[in-house]
*Asks:* 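Take a look at the following structure, please.
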Amino acid sequence: MIVSHVVIRNLSATAASAIATFGQSGDKDDFLAAQTLSNINAAGKAAILQPVPNATPVAVVEYTEGEIFGIDVTQAAGSASTCTADVYGTLSDAS
């Protein structure tokens with residue numbers, strides 16, 4: 001699987017001071033390092049998180065079968081919050 005972006009939506013509370021990383025369970029920031037969620041400051045907002053394209057192509061990780069892609073909240077927003085995280089990308093056959 002090659003992840004292109006993650007959408008966080010349906011937050012039950014603000015995530016404005018939360019920081020999260022994204023990647024495989026063994027290296028939870030190999031897709032995206034620390035992301036401050038300051039723009040998700042109210043329930044009902046959403047965010048699209050992805051590597052920023054530039055003149056030099058952004059290298060991303062190709063995850064293999066059995067690897068778990070996850071989100072690690074490294075700093076909480078101060079209160080409990082739940083959300084839906086949609087992971088988008090390309091899934092290909094290894095053969």
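Please read these numbers as outputs of a predicted model, since none were measured by experiment. The analysis underlying the following values was restricted to heavy atoms, covering all of them including side chains, and did not include hydrogens, waters or symmetry mates.
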*Asks:* Between V60 and I2, is there a side-chain heavy-atom distance shorter than 4.5 Å?
*Replies:*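 Yes, close enough: below the 4.5 Å cut-off.
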*Asks:* Looking at CD1 of I40 and CG of L11, how far apart are the two atoms once the value is rounded to the nearest 0.5 Å?
*Replies:*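 It comes to 5.5 Å.
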*Asks:* Is the backbone N or O of Y88 less than 3.5 Å from a side-chain atom of S4, with the two atoms forming a donor-acceptor pair by type?
*Replies:*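 Yes; at least one donor-acceptor contact below 3.5 Å.
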*Asks:* Taking salt bridge (charged side-chain N to carboxylate O under 4.0 Å, His left out) as the cut-off, I'd like each qualifying pair that reaches into residues 33-45, sequence neighbours left out, listed once.
*Replies:*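 Every candidate salt bridge (charged side-chain N to carboxylate O under 4.0 Å, His left out) pair involving residues 33-45 fails, so no pair, neighbours aside, qualifies.
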*Asks:* Is there a donor-acceptor pair under 3.5 Å between the side chain of S81 and the backbone N or O of A15?
*Replies:*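 No: the side chain of S81 does not pair with the backbone of A15.
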*Asks:* Any side-chain heavy-atom pair from V52 and Q50 closer than 4.5 angstrom?
*Replies:*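 No. Closest side-chain heavy atoms not under 4.5 Å.
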*Asks:* Would you kindly confirm whether I68 and I71 end up in one hydrophobic cluster when ILVMFWY residues are joined by side chain heavy atoms under 4.5 Å apart?
*Replies:*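 No; tracing contacts between hydrophobic side chains, which count when under 4.5 Å, never links both residues.
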*Asks:* Donor-acceptor pair, Q75 side chain versus S17 backbone, under 3.5 Å?
*Replies:*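 Checked: pair present.
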*Asks:* Please assess F31 against T21 for the test side-chain contact (heavy atoms from CB on, under 4.5 Å), listing each intermediate value before the final yes or no.
*Replies:* CA-CA 8 Å; F31 178 68; T21 62; over 6 Å; no
*Asks:* Answer with yes or no whether the hydrophobic clustering places V6 together with M1; edges join I, L, V, M, F, W, Y residues whose side-chain heavy atoms lie under 4.5 Å apart.
*Replies:*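 Yes: a chain of side-chain contacts under 4.5 Å links V6 to M1.
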*Asks:* What pairs of residues pass the salt bridge (charged side-chain N to carboxylate O under 4.0 Å, His left out) test when at least one of them lies in residues 15-36, not counting sequence neighbours?
*Replies:*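 Checked against salt bridge (charged side-chain N to carboxylate O under 4.0 Å, His left out) - neighbours excluded - no pair reaches residues 15-36.
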*Asks:* Does T14 use its side chain to pair, donor to acceptor, with the backbone of A16 at less than 3.5 Å?
*Replies:*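 Indeed, once roles are kept as given, a pair shorter than 3.5 Å links the two residues.
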*Asks:* Going by the salt bridge (charged side-chain N to carboxylate O under 4.0 Å, His left out) test, which pairs reach into residues 60-87, not counting sequence neighbours?
*Replies:*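 Of all non-adjacent pairs touching residues 60-87, those that pass salt bridge (charged side-chain N to carboxylate O under 4.0 Å, His left out) are R9-D86.
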*Asks:* Whether the side chain of Q35 engages the backbone of A33 through a donor-acceptor N/O pair (distance < 3.5 Å, no angle test) should be reported.
*Replies:*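 Looks like yes, one N/O pair under 3.5 Å.
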*Asks:* Hey, does F69 have a side-chain heavy atom less than 4.5 Å from the side chain of S25?
*Replies:*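 Result no, sub-4.5 Å side-chain heavy-atom pair not found.
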*Asks:* Strictly distance-based, threshold 3.5 Å: is any side-chain N or O of T84 a donor or acceptor partner for the main-chain N or O of N10?
*Replies:*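 Here the side-chain-to-backbone pair does not exist.
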*Asks:* In terms of hydrophobic clusters joined by side-chain contacts under 4.5 Å, are V3 and V7 together?
*Replies:*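 Hydrophobic grouping puts V3 apart from V7.
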*Asks:* Let me confirm one number: the CG-CG distance from L49 to L32, rounded to the nearest 0.5 Å.
*Replies:*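 Atom-to-atom, L49:CG and L32:CG are 6.5 Å apart.
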